[in-house]
Amino acid sequence: MLSIHEHATLEDASTELLDFALAPSNWTTALPADQAPASVHGDVQYQRRVGSLRVYTVVEVASSLDVFLRVAFRAPGLTPVKAADLLETFLKQRLPLTPNSEWQVEVDERRWIHFVRRYAAQRLQA
């Protein structure tokens, strides 16, 4: 069984995980829109741990070829508001949040708080 990489700070986890997840060779296919919010991908390569906080990041390509960035957090007592602060810290070095950027927020049955937004401006063209 593979273990989840552990980091001292969220910034360290961000650097390594975003480099991995944003590489096109590591993009995954998204679940169909009519299914419940996706839980965390079973592959630990897309996850990092900072103390009791777990972070999951993936770029998903939908069947329509739309591309989405998904960042999810899980920790004891974590709320969507606290997770939004973590999202800002997590993305600050590579993809800083901008005013009026829209993120969908989902909480799955395993208490992961997911933030999803379009990653590419237009559909990919094959």
Side-chain angles (χ1 to χ4, degrees):
M1 181 175 189
L2 297 173
S3 62
I4 298 171
H5 291 254
E6 194 152 347
H7 295 274
T9 68
L10 188 57
E11 291 83 357
D12 290 343
S14 169
T15 299
E16 183 181 344
L17 187 53
L18 282 173
D19 282 347
F20 175 80
L22 296 179
S25 61
N26 296 320
W27 293 7
T28 65
T29 55
L31 291 175
D34 60 344
Q35 290 187 8
S39 191
V40 169
H41 193 280
D43 193 339
V44 296
Q45 294 181 82
Y46 296 90
Q47 296 182 45
R48 297 296 181 268
R49 183 184 303 264
V50 179
S52 63
L53 174 69
R54 288 177 58 186
V55 182
Y56 167 77
T57 303
V58 68
V59 175
E60 299 171 329
V61 181
S63 60
S64 63
L65 296 182
D66 289 317
V67 181
F68 298 92
L69 173 63
R70 178 180 299 273
V71 179
F73 300 96
R74 181 178 174 192
L78 187 63
T79 65
V81 172
K82 290 178 185 176
D85 291 338
L86 293 173
L87 177 68
E88 182 176 13
T89 301
F90 184 76
L91 296 175
K92 187 186 310 183
Q93 294 176 359
R94 183 86 180 248
L95 302 165
L97 296 180
T98 57
N100 299 322
S101 63
E102 293 184 22
W103 289 80
Q104 293 177 338
V105 182
E106 306 165 338
V107 180
D108 71 20
E109 67 279 352
R110 298 178 75 196
R111 310 271 308 145
W112 281 88
I113 301 169
H114 298 258
F115 295 90
V116 181
R117 72 168 297 200
R118 185 175 301 278
Y119 181 64
Q122 297 178 352
R123 288 187 310 163
L124 293 176
Q125 298 298 318

Query raised in the report: Do the side chains of Arg70 and Tyr56 get nearer than 4.5 Å, heavy atoms only?
Result: yes

**Report entry** Connected via hydrophobic side-chain network under 4.5 Å: Val116 and Tyr119
**Finding:** no

Query raised in the report: Has the side chain of Arg48 got a donor or acceptor atom that lies under 3.5 Å from a matching backbone atom of Gln45?
Result: yes

Query - Hphob cluster co-occupancy, Leu65 + Phe68, side-chain heavy atoms under 4.5 angstrom - result: no

Query raised in the report: Between CG of Asp12 and CD of Glu6, what distance do you get to the nearest 0.5 Å?
Result: 12.0 Å

Query - More than 12 heavy atoms from other groups under 6.0 Å of CZ on Arg111 - result: no

Query raised in the report: Under 4.5 Å between any side-chain heavy atoms of Leu22 and Arg94, yes or no?
Result: yes

**Report entry** Interatomic distance, Leu17 atom CG to His7 atom NE2 [nearest 0.5 angstrom]
**Finding:** 7.5 Å

**Report entry** Minimal non-hydrogen separation, Ala72 against His114, with atom names
**Finding:** CB-ND1, 3.6 Å

Query - Gln93 side, atom CD; Glu11 side, atom CD - distance, nearest 0.5 Å - result: 6.0 Å

Query raised in the report: Is there a donor-acceptor pair under 3.5 Å between the side chain of Trp112 and the backbone N or O of Val107?
Result: no

Requested in this report: List the steps and the verdict of side chain to side chain contact (heavy atoms under 4.5 Å, CB included) for Leu86 and Val55.
Outcome: CA-CA 10 Å; Leu86 293 173; Val55 182; over 6 Å; no

Report summary line: OG1 of Thr57 to CG of Asp19, rounded to nearest 0.5 Å, is 11.5 Å

Query raised in the report: Counting only heavy atoms not in Glu16, do more than 12 fall under 6.0 Å of its CD?
Result: yes

Query raised in the report: Are the side chain of Tyr46 and the backbone of Asn26 linked by a donor-acceptor contact shorter than 3.5 Å?
Result: yes

Report summary line: Shortest non-hydrogen pair, Leu10 vs Phe90, comes out as CD1-CD1, 3.8 Å

Requested in this report: Report the distance from atom CD of Glu60 to atom CG of Leu69, rounding to the nearest 0.5 Å.
Outcome: 9.0 Å

Query - Heavy-atom closest contact (Ala21 atom, Val59 atom, distance) - result: O-CG2, 3.6 Å

Query raised in the report: Considering all heavy atoms of both residues, which atom of Ala83 and which atom of Leu78 are nearest to each other, and what is their separation?
Result: N-CD1, 3.9 Å

